[in-house]
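Chain letters run A, B, ... following the sequence lines, proteins first, then strands; residues in each count from 1. Just so it is clear, the model here is predicted, and its values are computed rather than measured.
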Protein chains: 2
Amino acid sequence: MINSMKERRTIRRYTDQDISPKMLNNLLEVSFRASTMGGMQLYSVIVTRDALKKEELSPAHFNQPMVKTAPVVLTFCADFRRFSQWCEQREATPGYDNYLSFMNAATDTLLVAQNFCTLAEDEGLGICYLGTTIYNSDKIIETLNLPELVFPITTITVGYPADIPALTDRLPFEALIHEETYHDATPEDIDSIFRLKESLDENKKFIADNNKKTLAQVFTDVRYTKGANEAMSENLLESLKKQGFLK
Amino acid sequence: MINSMKERRTIRRYTDQDISPKMLNNLLEVSFRASTMGGMQLYSVIVTRDALKKEELSPAHFNQPMVKTAPVVLTFCADFRRFSQWCEQREATPGYDNYLSFMNAATDTLLVAQNFCTLAEDEGLGICYLGTTIYNSDKIIETLNLPELVFPITTITVGYPADIPALTDRLPFEALIHEETYHDATPEDIDSIFRLKESLDENKKFIADNNKKTLAQVFTDVRYTKGANEAMSENLLESLKKQGFLK
């Protein structure tokens with residue numbers, strides 16, 4: 001298992017082979033063994049197989065092709081609704097329409113999503129996370145009919161890999177680990193931490209293609225800009241409010 | 001692997017056996033293969049082994065004994081600082097002091113945390129998640145010296161299991177899965193979804209011990225109350241602001 005995780009790649013191209021409901025459900029059911037806050041299981045998974053639904057979801061994910069080409073799209077949602085309904089039916093007053101409860105549910109949700117990915121990859125499937133889920137949560141909420149106290153946290157496309165891309169780079173291990181307390185990186189540390197990433201041909205091409213001077217500028221000026229981040233932050237907080245998580 | 005995940009339990013009692021730094025680092029390094037937003041790896045892990053540091057962390061985790069009895073305590077933090085420092089050193093202006101960026105980093109962090117747990121359990125170790133991390137983030141930030149754009153998301157205590165507790169219950173699979181769109185539970189569904197949980201002897205004892213009428217009341221009136229949730233929500237948002245994630 002440790003070896004399969006070492007060798008894992010994000011898979012964005014899938015064969016035509018479908019995933020049987022039996023296999024999918026089995027993997028999901030096992031993923032639900034993840035640790036969960038107070039045993040509450042604060043999540044729901046929306047399974048999209050229908051071509052029309054994929055079409056509807058696609059713009060929310062900036063038309064990334066995986067949404068339409070993967071046999072299965074899974075939207076993992078934080079869900080305090082089911083638990084709150086139960087409270088109301090049992091003479092108890094739920095108090096989960098607040099930000100802390102959202103974060104508790106989002107955490108539960110992400111642990112399950114990652115468990116699912118590990119299991120799916122171990123079975124020979126390939127997955128891709130779509131970070132766009134929280135960028136355009138309002139559209140996803142509408143398309144999937146998500147009621148109050150349900151919020152989309154992440155989306156995974158899944159299918160059989162059509163090819164095996166190269167292993168992607170990672171930062172040096174030491175950069176990510178802090179013994180006892182946080183140790184701020186010095187300017188020299190930063191140079192050394194990002195040296196490998198900056199040396200890769202694909203990243204040099206990235207700089208040239210975007211007419212930038214440094215790789216960091218590709219991130220700040222093209223891929224993840226301050227303006228877009230701020231607009232999407234506002235949108236996300238607005239959605240959280242609308243779904244009842246910021247009372 | 002699927003079988004080890006099926007049989008997993010949260011472990012709260014550990015033997016005296018230490019975890020070698022080599023083994024721990026190996027598991028962490030492999031966990032860093034998790035999917036990450038744009039390859040940015042927006043996390044840091046703080047490793048606590050020092051008894052005094054555990055003592056300092058303990059109140060933030062409501063003195064749950066695992067913090068002091070586990071050989072290793074890991075605090076998984078969202079970290080946009082390292083990446084922002086790099087941008088600043090490379091003539092790029094980082095725009096990651098906002099809520100969307102926090103959520104992106106928190107997501108990266110939780111995928112790594114869950115990978116670590118899966119790997120650790122596969123190696124015979126036992127883990128426990130401490131949800132208290134975001135309840136008392138301000139204290140943890142202080143104890144671990146977390147600078148701006150670094151935020152504690154979850155904590156895991158880890159060690160060799162001193163005993164193997166019973167497998168905990170899970171809600172029926174069908175309750176958590178929605179085909180194509182969200183299907184709201186009917187009152188009859190809710191009764192059926194929570195029937196098993198309500199039937200367990202340990203939960204009946206829970207009701208009696210707390211002098212309550214229903215199990216749901218134990219959650220709403222004792223374990224996760226509206227008042228505490230709201231106070232902690234305010235505290236969490238205040239901390240996010242202080243760490244620079246709500247500009």
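A:Gln89 and B:Asp191 share a donor-acceptor pair across their side chains, judged by distance under 3.5 Å alone. Side-chain N/O atoms of A:Gln114 and B:Asn115 include a donor and acceptor closer than 3.5 Å. Between the side chains of B:Ser44 and B:Arg82, at least one donor N or O lies within less than 3.5 Å of an accepting N or O. No side-chain donor from either of A:Thr154 and A:Thr133 sits under 3.5 Å from a side-chain acceptor of the other.
For chain A, the nearby part of B:Leu240 is the side chain; its heavy atoms alone come within less than 4.5 Å. Using a 4.5 Å cut-off between heavy atoms, A:Ala34 touches chain B through backbone and side chain atoms alike. Proximity to chain B (any heavy atom under 4.5 Å) is restricted, for A:Leu236, to the side chain, taken from C-beta onward. Neither the backbone nor the side chain of A:Ile140 comes within contact range of chain B; no heavy atom of the residue lies under 4.5 Å from a heavy atom of that chain. For A:Phe219, the parts lying under 4.5 angstrom from a heavy atom of chain B are both the backbone and the side chain. The contact between A:Arg81 and chain B is made entirely by side chain atoms (from C-beta outward), counting heavy-atom distances below 4.5 Å. Only the side chain of A:Asp97 comes within less than 4.5 Å of a heavy atom in chain B; its backbone stays farther off. Proximity to chain B (any heavy atom under 4.5 Å) is shown, for A:Leu74, by neither the backbone nor the side chain. If you measure heavy-atom distances from A:Lys213 to chain B, the contacts under 4.5 Å come from the side chain alone. In this structure, the portions of B:Phe83 lying under 4.5 Å from any heavy atom of chain A include both its backbone and its side chain. Interface residue A:Glu198: only side-chain heavy atoms are found under 4.5 Å from chain B. Residue contact with chain B, scored on non-hydrogen atoms closer than 4.5 Å, involves the side chain of A:Asp122 exclusively. A:Lys212 does not touch chain B: none of its heavy atoms, backbone or side chain, sits under 4.5 Å away.
In terms of heavy-atom pairs under 4.5 angstrom with chain B, the leader among A:Glu234, A:Glu7, A:Lys197, A:Met37 is A:Met37. Note on B:Arg223, B:Met103, B:Arg90: by heavy-atom pairs under 4.5 Å with chain A, the leading option is B:Arg90. Residue with the most contacts toward chain A among B:Leu215, B:Ile193, B:Asp169: B:Leu215 (heavy-atom pairs, distance under 4.5 Å). Counting heavy-atom pairs under 4.5 Å between each of B:Arg170, B:Glu123, B:Met40 and chain A puts B:Arg170 at the top. Highest contact tally toward chain B, considering only A:Val30, A:Val218, A:Thr36, A:Leu146, is held by A:Val30 [criterion: heavy-atom pairs under 4.5 Å]. Between chain A and the options B:Val150, B:Leu246, B:Thr225, B:Ile153, the largest number of non-hydrogen pairs under 4.5 Å is found for B:Val150. Here B:Leu171 is the residue among B:Thr143, B:Thr10, B:Leu171, B:Thr118 with the most heavy-atom pairs under 4.5 Å with chain A. Among A:Thr107, A:Asp79, A:Asn25, A:Asp221, the residue making the largest number of heavy-atom pairs under 4.5 Å with chain B is A:Asn25. Contact tally against chain B (heavy-atom pairs below 4.5 Å) for A:Thr109, A:Asn145, A:Leu111: the top residue is A:Leu111. When A:Arg33, A:Lys226, A:Lys6 are compared by the number of non-hydrogen pairs under 4.5 Å with chain B, A:Arg33 comes out ahead. Heavy-atom pairs under 4.5 Å with chain B peak, among A:Glu230, A:Gln217, A:Glu180, A:Lys53, at A:Glu180. Note on B:Asn98, B:Asn104, B:Leu144, B:Leu176: by heavy-atom pairs under 4.5 Å with chain A, the leading option is B:Leu176.
Tested against A:Arg8 for a side chain to side chain contact (heavy atoms under 4.5 Å, CB included), the candidates A:Ile127, A:Leu167, A:Thr168 yield a single pass: A:Ile127.
With ring centers used as reference points, A:Phe76 lies 6.0 Å or more from A:Tyr43.
In this structure, B:Phe116 and B:Val45 have side chains that are not in contact, with every pair of non-hydrogen atoms separated by 4.5 Å or more. In this structure, the side chains of A:Trp86 and B:Thr214 stay at 4.5 Å or more apart for every pair of heavy atoms. Looking at B:Cys128 and B:Ile11, their side chains never come closer than 4.5 Å, going by heavy atoms from C-beta outward. Put simply, the side chain of A:Tyr224 reaches to within 4.5 Å of the side chain of B:Tyr96, judged on heavy atoms.
Atoms CD and CE, from A:Glu238 and A:Met232 in turn, are 16.0 Å apart once rounded to the nearest 0.5 Å. Residue B:Phe206 holds its CZ atom at 6.5 Å from CG of B:Asn210, rounded to the nearest 0.5 Å.
Taking the six-membered ring for Trp and thresholds of 30 and 60 degrees, B:His178 and B:Tyr182 have nearly parallel ring planes, at less than 30 degrees apart.
Minimum heavy-atom separation, A:Leu119 to A:Ser31: CD1-N, 3.7 Å.
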Exercise. Decide ring-ring contact (aromatic ring centres under 6.0 Å, His included) for A:Phe245 and A:Tyr99; before the verdict, give the C-alpha distance in whole Å, the side-chain angles of both, and the deciding distance to 0.1 Å.
Key: CA-CA 6 Å; A:Phe245 274 122; A:Tyr99 184 64; 9.0 Å; no

